[in-house]
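Comments concern the structure below.
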Amino acid sequence: MPELPEVETVKRGLQPAMQNRRIEFVELRRADLRFPFPQGFAERLQGRRISTLTRRAKYILAHLDSGDVLIMHLGMSGRFTVFAPEGSSQNLGEFYYLQGADTAGNGAHDHVVITLDDGAKLVYTDPRRFGMMDLCPEGDLDRHRLLASIGIEPLGNELNAAYLHDALKGRKTPLKAALLDQRIIAGLGNIYVCEALHRSGLSPKRLAGTLSRNRKVDERLERLSSAIRSILNEAIEAGGSTLRDYASTDGNSGAFQQLFSVYDREDEDCPKPDCSGTVQRIVQSGRSTFYCTSCQR
DNA sequence: CGGGACTCCTGCCAGC
DNA sequence: TGCTGGCAGGAGTCCC
């Protein structure tokens, strides 16, 4: 599930449930996810008020009144569910399930249960356990080992053709791999890289540095940077409806899939109106790439 | 250093 | 029906 748009959607979904709430109790069902929980994890959270939630790359950050920041990453299969407090199903955020909180958190892969001061329970579920949680003082966030070398946010002003020109210059790695590199752009994953390359008509196999040959900024980098931005924004937009579906049903939203032009569409016709190509699947650094060999150069 | 392979873990699906 | 192998949206680590 989670690339930047999904993480942003989850953050927005959690915000109304968590903002300004005090953490009453934290139950860990195991000692680790991808990494061990830090020493005193539950104790440092309990009794603290959450001032706000933010996002950096694919990390959700909960800022606490103690000065600590709770860092959360969903990995490949991580998910949060908010269970409403008993008998208060009115005016709940879209992220709420409408069950009573006493039934929450009993699944086989429910690893963390956070009880808030209004009785709501926040349950972290992660079958593959590639997710992680950590605590870090707000002032040390930039130096946190997982955040220190993260690149620019693609939705901010820093992402533009000139940035890509410099960042990709001399790179001999395929463009696909460079865009997946979180040190260059934060938050892109396999799906949205495939989609952005298709929209901008660039081959995933092209060596990244070939777009920065001249001193002049290549107009293809302009296309790439605006494709990244528009794809992510559209996905976030769609995320809201995905989330509503999710809250009311089972997590599998049809609207989500319809967004993709090439991802998981091997052998289908290229959806670009002026292109008669077919979507191919190849493997790059061990992962699936979907692209049109006809219009992506 | 840059680049690529390997690794963690479980669930699911196609193919036999 | 049941097994097996391959694959999955992430990313740190190790090795050349």
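Proteins come first, then strands; the chains are lettered A, B, ... in the order of their sequence lines, and each starts at number 1. Not measured: the values here are computed from a predicted model.
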For B:dC9, give its Watson-Crick or G-U wobble partner with both distances under 3.5 Å, or none.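 For B:dC9, the partner nucleotide comes out as none, under the 3.5 Å rule.
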
In the strands shown, is B:dG3 matched to any nucleotide by a Watson-Crick or G-U wobble pair with both distances under 3.5 Å, and which?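 Answer to the pairing question: C:dC15, which forms a Watson-Crick or G-U pair with B:dG3.
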
Rounded to the nearest angstrom, tell me the gap between atom [atom1] in [X] and atom [atom2] in [N].
X: A:Ile231; N: C:dG9; atom1: CD1; atom2: C1'; answer: 15 Å
X: A:Met76; N: B:dC12; atom1: CE; atom2: P; answer: 14 Å
X: A:Ile184; N: B:dG2; atom1: CD1; atom2: P; answer: 10 Å
X: A:Arg34; N: C:dG9; atom1: CZ; atom2: P; answer: 15 Å
X: A:Phe260; N: C:dA8; atom1: CZ; atom2: C1'; answer: 13 Å
X: A:Ile185; N: C:dA11; atom1: CD1; atom2: P; answer: 14 Å
X: A:Glu266; N: B:dA14; atom1: CD; atom2: P; answer: 14 Å
X: A:Asp181; N: B:dG2; atom1: CG; atom2: P; answer: 10 Å

Would one find a side-chain N or O of [X] under 4.0 angstrom from OP1 or OP2 of [N]?
X: A:His73; N: C:dA11; answer: yes
X: A:Ser288; N: C:dC7; answer: no
X: A:His109; N: B:dC9; answer: no
X: A:Arg287; N: C:dG9; answer: yes
X: A:Lys172; N: B:dG3; answer: no
X: A:Tyr192; N: C:dG9; answer: no

Just compare [options] and give me whichever is closest to any side-chain atom of [X].
X: A:Glu3; options: C:dC7, C:dT13, C:dG10; result: C:dG10
X: A:Arg171; options: C:dG10, B:dG2, B:dC9; result: B:dG2
X: A:Lys58; options: B:dG3, C:dT13, C:dA11; result: C:dA11

Answer yes or no as to whether C:dG10 has its base stacked against A:Phe130, where stacking requires a ring-centre separation under 5.5 angstrom and planes under 30 degrees apart.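 According to the criterion (under 5.5 Å, under 30°), yes, A:Phe130 stacks.
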
If you measure from the Lys or Arg side-chain nitrogens to the Asp or Glu carboxylate oxygens, is any gap between A:Arg199 and A:Glu195 under 4.0 Å?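 Salt bridge flag = no for A:Glu195 with A:Arg199.
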
Determine whether A:Leu135 and A:Ile71 fall in the same hydrophobic cluster, where Ile, Leu, Val, Met, Phe, Trp and Tyr are linked whenever their side-chain heavy atoms lie under 4.5 Å apart.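 Result: no, two separate clusters.
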
Return the 5'-most residue of the pair A:Ile150, A:Arg128 with respect to DNA chain C, ranking by each residue's nearest nucleotide.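 Between the two, 5'-proximity favours A:Arg128.
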
Between A:Tyr59 and A:Arg281, which residue's closest nucleotide on DNA chain C lies nearer the 5′ terminus?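 The residue closer to the strand's 5' end, by nearest nucleotide, is A:Arg281.
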
Please work out if A:Arg183 contacts a base, only the sugar-phosphate, or nothing of the nucleic acid, heavy-atom cut-off 4.0 Å.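 The answer is nothing, as A:Arg183 stays clear of every strand by at least 4.0 Å.
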
Using a heavy-atom cut-off of under 4.0 Å over every strand shown, decide if A:Leu146 touches base, sugar-phosphate, or nothing.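 Result for A:Leu146 = sugar-phosphate.
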
May I ask you to verify whether the side chain of A:Arg129 and the base of B:dC9 hold a donor-acceptor pair under 3.5 Å?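 Counting by modelled atom types and ignoring angles, no donor-acceptor contact under 3.5 Å is found here.
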
If I take atom CD1 from residue A:Ile185 and atom CG from residue A:Leu168, how far apart are they, to the nearest 0.5 angstrom?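 So the gap between those two atoms works out to 7.5 Å.
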
If we take the P atom in both B:dC12 and C:dA11, what is their distance in whole Å?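 Pairwise P distance, B:dC12 against C:dA11, rounds to 22 Å.
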
Could you pull out the closest heavy-atom pair between A:Arg206 and A:Arg297, with the gap in Å?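 Heavy atoms only, the tightest pair is NE-O, 3.4 Å.
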
Side-chain (A:His165) to main-chain (A:Leu221) donor-acceptor, under 3.5 angstrom: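 Checking the backbone N and O of A:Leu221 against the side chain of A:His165, no donor-acceptor pair under 3.5 Å is found.
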
Does the A:Gln296 side chain pair with the main chain of A:Cys292, one donor and one acceptor, at a distance under 3.5 Å?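 A pair under 3.5 Å: yes.
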
